[in-house]
Amino acid sequence: MSRTPRRAALGALALTAAALGTTAPAAHASPTSATTLVVSANQTLRSVTHVASGSLYGLDTASVPADSLVEPLKPNTFVQMAPGGSQLPNGEPTPGGDALVVVPEAAKAGAKVVVRMPDWYPNFPYKWVSWSDWLSAVDKQVASVRSSGATNISAYELWNEPDGTWDTSAAGAFDDGWSRTYKEVRAKDTGTPIQGPSFATYTDSKMKTFLQDAVANNAVPDIVSWHELQSSANIAAHVADYRALESSLGLSPRPIAIEEYGTTSEVGVPGPLAGYVAKFERAGVHDAELAFWNHYGTLGDTLTDTGGSPNGAYWLYKWYGDMSGNMLVTTPPGQTGIDGFAARNGAGNQISVVTGGCTGSCAVTVNGLSSLSAFGSTVHVKLEYTPSKGRTTAVSGPVTISDTDYPVNGGSITVPVTMNASDGYHLTITPSGTATSLAGRYQITNRNSGLALDTSGAGTAQGTLVVQATSTTGTDQNWTLVAAGNGLYKIKQQASGLLLGITNAGTSDGGTALIWGDNGTADHLWQLIPSGDGYYKIANYNSGLLLGVTGMSTSSGAQVLQWDDNGTADHLWKLTAR
């Protein structure tokens, strides 16, 4: 928790219990449309093909990463080193990820491989030698592919990021060079698709000029490609712009490949990656590959290192890999913030939703359930999350937040999810299941201080502030979790019978915790989020903020308040049955 002064908390400490209760309680709150992802369970988008599950240089050798790590992700396509290539990206000591070396492992996972031809050269940006040298390299690669017998080579990528790596002064205009290379490949291999132009960034002007020249030279790529390395916000606009250009030139619709996606700060982080996958699925992209920012063989930085252990992002792609049947229509409130993707299995009795990118009190609304024969008036929802602990930190698996039943109203359910924007979240919706509950009486102790949740002076009056205190056996330190539906709880103090809430139902950092009568306000609703190590984050569903201690204090009597999820230990609490 931040160590900055908490004016709200200090001010509240100066108030009397009577003054705390003078403001009328807020009306029952719920996430706004700006923080809600809508899933249309009865509207299919297209068949599940895991379009965004591949990566650039995601494979290192024929056995690294292990098949047991690769196959669960159901990778669609890998973009890999030119056969016999000498590229040394990101300071790697030796070349790795040769397309023909890794192609058997890709095949076992059901994945295709794109040959990145310019990675024949060792440097990046590439150092042009001569046209004779380049065409000789092209001929050698095509010959290697053809003699290999590989059946899962999806395309030759003729050049990579020409808008930053093509040496116009030495090699001439890129569009002319593209046509010359295209014809060289076609003279030696008439069947394998050709992919390009592989721009580092998409602009209408670059793509328009390239396509016009490609049409004029009979060198239009079979698969059109570019990269999305800035953010996911413009994916839909870029795809729409390309489709308009394609149509204006009279071209038949080409598959679109996004050969690299994700920023350096996003790879390995589940939350923002959910938005990329959602937008690629929604836009109808054919395949998309996680960028290569660090080392070979990390499955797009979903592993801690080459052939390493899964990090938090891996489990998001594992959820994606587990999807089958048809992708569903999902509608986010905007181009940034909460987003997600969903699928309904072939039997029609399971809906899987993956989401992320939201902060605080968020939700997923699933519509159209009443039109699906497998679902009745009640459904079962398992909600879990995969934490973002950093790209190089292993995560053993997802953590279940709740496992509960929901009544279907008007064909819809709304699942509340208190989110951290870096984490990924998964809902599995089935007709029935075994519900679990934390309902019961507990002592609640803070991990940072070891002190127990209590009221100031063990008070029982309405408006008494909540503090941390030395552990006792008193009923003032006994708190009962009462199931409030939808995976939420009310937290009732045994001594007073009053509920844990926030002063004036506040939604700001520093809002102080107190006890109050059950008047139906949303600040009395809490979501308990397991940290995976025996502790819980206790999130106020009215504000989306976490229960913590002022200044991360370890002193008895320190004020308990709400604060944003910044990873500090005072946000973790242990439940001990009483």
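Below, all heavy atoms of this structure are taken into account, side chains as well, without hydrogens, waters or symmetry copies.
- The closest side-chain heavy-atom distance from L273 to Y317 is below 4.5 Å.
- Between P197 and M207 there is a side-chain heavy-atom pair separated by less than 4.5 Å.
- In this structure, D423 CG and C358 SG are separated by 12.0 Å, a value rounded to the nearest 0.5 Å.
- For the residue pair S132 / S130, a side-chain donor-acceptor distance below 3.5 Å is found, with atom types taken as modelled.
- Checked for salt-bridge contact, R180 and E184 miss the test: no charged N lies under 4.0 Å from a carboxylate O.
- No side-chain donor-acceptor contact under 3.5 Å links R146 and S144.
- Contact annotation: the side chain of Y385 approaches that of I401 to within less than 4.5 Å [non-hydrogen atoms, C-beta and beyond].
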query = Yes or no on side chain to side chain donor-acceptor pair (under 3.5 Å) for N311 and K389, after CA distance, side-chain angles and deciding distance?
reply = CA-CA 7 Å; N311 58 32; K389 295 187 176 181; over 6 Å; no
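- The shortest distance between side-chain heavy atoms of R391 and T304 does not fall below 4.5 Å.
- A donor-acceptor pair shorter than 3.5 Å cannot be found between the side chains of Y296 and N90.
- Residues D241 and Y202 have side chains that bring a donor and an acceptor to within less than 3.5 angstrom of each other.
- For the residue pair D189/T192, the side-chain donor-acceptor check at 3.5 Å is satisfied.
- Centroid-to-centroid, the aromatic rings of Y261 and F280 come within less than 6.0 Å.
- Side-chain contact between V224 and W226 is present, with heavy atoms from C-beta onward closer than 4.5 Å.
- Counting only heavy atoms from C-beta outward, the side chains of Y242 and I256 approach each other to under 4.5 Å.
- Side-chain N/O atoms of E266 and Y276 include a donor and acceptor closer than 3.5 Å.
- Within a 6.0 Å sphere centred on NZ of K208, other residues, nucleotides and ligands contribute 12 heavy atoms or fewer.
- Between K108 and E105 there is no salt bridge, since none of the side-chain N atoms of the basic residue sits less than 4.0 Å from a carboxylate O of the acidic one.
- Using a cut-off of 4.0 Å between Lys/Arg side-chain N and Asp/Glu carboxylate O, K279 and E228 are scored as not salt-bridged.
- Interatomic distance, CD of Q350 versus CE of M323, reported as 9.5 Å (0.5 Å rounding).
- At a threshold of 4.0 Å, the pair K206-D163 counts as salt-bridged, since one of the basic side-chain nitrogens sits closer than that to a carboxylate oxygen.
- Residue K183 qualifies as enclosed at atom NZ: its count of foreign heavy atoms under 6.0 Å is above 12.
- A donor atom on one side chain and an acceptor atom on the other are not found under 3.5 Å apart for H227 and S198.
- Contact check for M419 versus T355: side-chain heavy atoms found under the 4.5 Å cut-off.
- The minimum heavy-atom distance linking N420 with D565 is given by the pair ND2-OD2, 3.1 Å.
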ask   = Please walk me through it: do V138 and Y156 pass side-chain contact (heavy atoms from CB on, under 4.5 Å)?
value = CA-CA 10 Å; V138 168; Y156 298 107; over 6 Å; no
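- Side-chain N or O atoms of Q195 include none that pairs as donor or acceptor with a backbone N or O of I223 at under 3.5 Å.
- The two residues V366 and A41 come nearest to each other via the heavy atoms CG1-CB, 3.9 Å.
- Between the T36 side chain and the S33 main chain, no donor and acceptor come within less than 3.5 Å of each other.
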task = Decide yes or no on ring pair (Phe, Tyr, Trp, His ring centres under 6.0 Å) for W178 and W159, but give the supporting numbers first.
result = CA-CA 8 Å; W178 165 270; W159 201 262; over 10 Å; no
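- Between the D167 side chain and the A170 main chain, a donor and an acceptor come within less than 3.5 Å of each other.
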ask   = Would E260 and R116 satisfy salt bridge (Lys or Arg N to Asp or Glu O under 4.0 Å), going step by step from the backbone distance to the final call?
value = CA-CA 12 Å; E260 303 179 30; R116 176 163 281 182; 3.0 Å; yes
request  = In sequence, state the C-alpha distance, the side-chain angles, and the governing distance for Y320 and H50, and then conclude on ring pair (Phe, Tyr, Trp, His ring centres under 6.0 Å).
outcome  = CA-CA 7 Å; Y320 189 26; H50 310 109; 5.6 Å; yes
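- For the residue pair N294/D301, the side-chain donor-acceptor check at 3.5 Å is satisfied.
- Aromatic ring centres of W134 and W120 lie farther apart than the 6.0 Å criterion allows.
- Between I338 and P333 the shortest side-chain heavy-atom distance falls below 4.5 Å.
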